[in-house]
Amino acid sequence: MSTEIITAVIAAVVALISAIVTITGQTRTARLEHELTLQRDAQSKETKNNELVAKYRNPILKSAFDLQSRLFGIVQLGFLQIYYYKSPTDKEYATQHTLYVIAEYLGWIEIFRREVQFLDFGDLKTSQQLEKILSNISSTFLTDGFDLTFRLFRGQQQAIGEIMTVKSEINSGKHECMGFSDFVKRLDEPEFQRWFIKLSKDVEVLSNEPKGHERRLIILQHLLIDLIDFLDPECIRIPQSKRYKIESTRDVQQEIMQWYAKQNAV
C-alpha cells in the first residue's frame with residue numbers, strides 16, 4: 001500500500017474520530033443545556049409559587065383566622081345565642097358579620113385562584129399541599145354528608161367570591177376583597193343579597209338550635225386551623241395560643257377523622 005493511500009486513510013480516520021467527538025460533545029452540551037433549562041424553569045415556577053403565596057399570605061391568613069374564630073365562637077362559646085337575641089343592633093351585627101367572614105374568606109380565595117390559573121406550578125410540593133387544604137375546605141362547605149347548615153355548593157362559593165372582589169384603590173389593576181362597611185351597604189341590593197339568603201337563615205337556625213348543626217362547622221374550623229398552620233408555621237403572625245381547634249364528642253371526633261381520611265384518599 002502506497003504512502004499516499006495510508007496517509008489518506010489516516011486522515012479519513014482522524015476526521016471521522018474528530019466528527020464523532022464533535023457530535024458527542026454537541027450532544028452532551030445540548031443535553032446539559034436542556035437539563036439547565038428544565039432546572040431554571042422549575043426554579044422559576046417555584047419562585048412564582050412562593051411569590052404568589054407570599055403575596056396573598058396575609059389576607060388569606062387573616063380571613064381564615066376571622067372565619068375560624070367565628071365558627072369557634074358559634075360552636076364553643078354560644079356567640080349567636082348570646083348576641084342574636086340581646087338587642088336588634090347586636091342581632092344585626094351578629095348576622096351581618098358572620099355572613100361577612102364567610103364571604104371575605106371566599107373572596108380572597110377567588111382572587112388567589114384567578115392568579116393561580118395563569119401559572120404552571122407543575123408538581124411543586126408547596127402548591128400541592130396548599131391546593132389540598134383549600135380543596136378540603138371547599139369540599140366541606142359543599143358536601144351533603146352533614147346537616148345542611150352553612151352548606152354552599154362550589155358554584156355558590158365561587159359566586160360569593162366574585163361579588164366580594166373589587167378593584168384596589170391603592171394598586172392599579174389589582175383586586176382585593178370588599179371591606180365590611182361596603183358589604184353591609186350592598187346587603188340592601190337584591191342582586192347582592194340573594195347570595196346570602198340561605199346563610200342568613202342558617203344563622204337564625206344556629207341561634208335557635210345550637211346542637212345538631214355543628215359537624216360541618218367543626219370540620220371547617222379544624223381545616224382553617226390547618227390552613228393557618230400551613231401559611232404561618234412559625235406562628236409569627238398568629239400565635240399558637242390562638243389556634244385552638246373546637247373540642248368535640250367522641251362520635252364527632254370519629255366522624256372528623258373519617259372525613260379527613262376520605263379527603264386525603266382522593
Side-chain angles (χ1 to χ4, degrees), residues 49 52-53 56-57 59-72 74-75 98-117 119 121 123-165 177 195-199 201-203 205-206 212-232 243 245-249 251-266:
N49 181 42
L52 187 61
V53 172
Y56 291 107
R57 177 182 283 109
I60 292 178
L61 190 61
K62 179 185 177 300
S63 64
F65 178 78
D66 289 346
L67 178 52
Q68 73 79 29
S69 180
R70 179 52 47 83
L71 296 175
F72 186 95
I74 291 173
V75 177
T98 298
L99 301 182
Y100 177 73
V101 293
I102 296 173
E104 180 190 30
Y105 169 79
L106 295 176
W108 280 115
I109 295 304
E110 174 64 19
I111 294 169
F112 177 73
R113 288 195 185 281
R114 286 183 184 183
E115 292 212 23
V116 168
Q117 67 179 327
L119 299 176
F121 288 146
D123 294 325
L124 295 180
K125 186 177 181 181
T126 298
S127 62
Q128 285 184 321
Q129 290 174 335
L130 179 57
E131 178 58 34
K132 186 65 177 178
I133 297 173
L134 296 179
S135 177
N136 286 346
I137 294 172
S138 178
S139 297
T140 304
F141 264 119
L142 67 86
T143 182
D144 290 334
F146 309 118
D147 172 86
L148 300 185
T149 306
F150 279 9
R151 185 197 66 180
L152 290 170
F153 290 117
R154 201 178 302 279
Q156 292 173 314
Q157 295 175 43
Q158 182 177 347
I160 291 174
E162 289 172 354
I163 63 175
M164 289 296 292
T165 302
C177 191
W195 295 103
F196 300 97
I197 293 175
K198 178 187 178 297
L199 289 175
K201 293 179 180 178
D202 291 341
V203 170
V205 169
L206 289 167
H213 307 285
E214 70 272 14
R215 277 169 167 72
R216 188 190 312 274
L217 278 63
I218 292 173
I219 295 179
L220 279 172
Q221 195 265 347
H222 286 203
L223 289 170
L224 288 164
I225 292 294
D226 291 343
L227 176 58
I228 290 169
D229 288 341
F230 178 84
L231 294 174
D232 186 23
R243 303 186 188 196
K245 289 187 176 181
I246 297 173
E247 297 176 1
S248 54
T249 59
D251 63 320
V252 175
Q253 289 177 348
Q254 184 176 6
E255 190 169 352
I256 290 172
M257 291 176 63
Q258 291 174 349
W259 178 253
Y260 269 90
K262 179 181 178 181
Q263 296 308 302
N264 290 330
V266 175

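For the numbers below, each heavy atom of this structure counts, side chains included, while hydrogens, waters and symmetry mates do not.
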Test salt bridge (charged side-chain N to carboxylate O under 4.0 Å, His left out) applied to Glu131 and Arg113, step by step: CA-CA 10 Å; Glu131 178 58 34; Arg113 288 195 185 281; 3.1 Å; yes
side-chain contact (heavy atoms from CB on, under 4.5 Å) assessment of Leu67 paired with Tyr100: CA-CA 9 Å; Leu67 178 52; Tyr100 177 73; over 6 Å; no
Glu214 vs Thr149, side-chain contact (heavy atoms from CB on, under 4.5 Å): CA-CA, chis, key distance, verdict: CA-CA 8 Å; Glu214 70 272 14; Thr149 306; over 6 Å; no
Steps toward side-chain contact (heavy atoms from CB on, under 4.5 Å) verdict (Glu162, Arg114): CA-CA 10 Å; Glu162 289 172 354; Arg114 286 183 184 183; 3.9 Å; yes
Worked check of side-chain contact (heavy atoms from CB on, under 4.5 Å) between Tyr105 and Asp66: CA-CA 8 Å; Tyr105 169 79; Asp66 289 346; over 6 Å; no
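With hydrogens and angles disregarded, a donor-acceptor distance shorter than 3.5 Å links the side chain of Ser139 to the backbone of Ser135. For the pair Arg216 (side chain) and Asp147 (backbone), a donor-acceptor distance under 3.5 Å is present. Judged by distance alone, with hydrogens and angles left aside, the side-chain atoms of Glu110 form no donor-acceptor pair with the main-chain N or O of Trp108 at under 3.5 Å. A donor-acceptor pair is defined here as one N or O able to donate and one able to accept, closer than 3.5 Å; no such pair exists between the side chain of Arg57 and the backbone of Asp232. For the pair Gln68 (side chain) and Phe65 (backbone), a donor-acceptor distance under 3.5 Å is present. A donor-acceptor contact shorter than 3.5 Å is absent between the side chain of Gln221 and the backbone of Ser69.
In this structure the side chain of Asp202 never reaches within 4.5 angstrom of the side chain of His213, judged on heavy atoms. Side-chain contact check for Leu152 versus Leu106: some heavy-atom pair is nearer than 4.5 Å. The shortest side-chain heavy-atom distance between Ile60 and Leu227 falls under the 4.5 Å cut-off. For the pair Phe141 and Arg151, the minimum side-chain heavy-atom distance is 4.5 Å or more. Residues Lys245 and Asp226 are in side-chain contact: their nearest non-hydrogen atoms beyond the backbone lie under 4.5 Å apart. Side-chain contact between Phe72 and Val75 is absent, with no heavy-atom pair separated by less than 4.5 Å. Within the 4.5 Å cutoff, the side chain of Leu206 has heavy atoms near those of the Leu217 side chain. In this structure, Phe196 and Ile163 have side chains that are in contact, with non-hydrogen atoms separated by less than 4.5 Å.
The side chain to side chain contact (heavy atoms under 4.5 Å, CB included) with Phe150 is formed by just one residue from the set Val205, Thr140, Val203; it is Val203.
One distance of note links CG of Leu99 with CD1 of Ile197; it measures 11.0 Å at 0.5 Å rounding. Separating the CG atom in Leu220 from the CZ atom in Arg215 is a distance of 14.0 Å, to the nearest 0.5 Å. Taking CD1 of Ile102 as the reference point, atom CD of Gln157 lies at 10.5 Å (rounded to 0.5 Å). Between Ile219 atom CD1 and Thr143 atom OG1 the span is 8.5 Å, to the nearest 0.5 Å. For the atom pair CG of Leu224 and CG of Asp229, the computed distance is 11.0 Å after rounding to the nearest 0.5 Å. Note that CG of Leu142 is 12.0 Å distant from CD1 of Ile137, once rounded to the nearest 0.5 Å.
Closest approach of Gly107 and Cys177 over heavy atoms only: CA-SG, 4.2 Å.
Heavy atoms of other residues, nucleotides or ligands lying less than 6.0 angstrom from CD of Glu247 number 12 at most.
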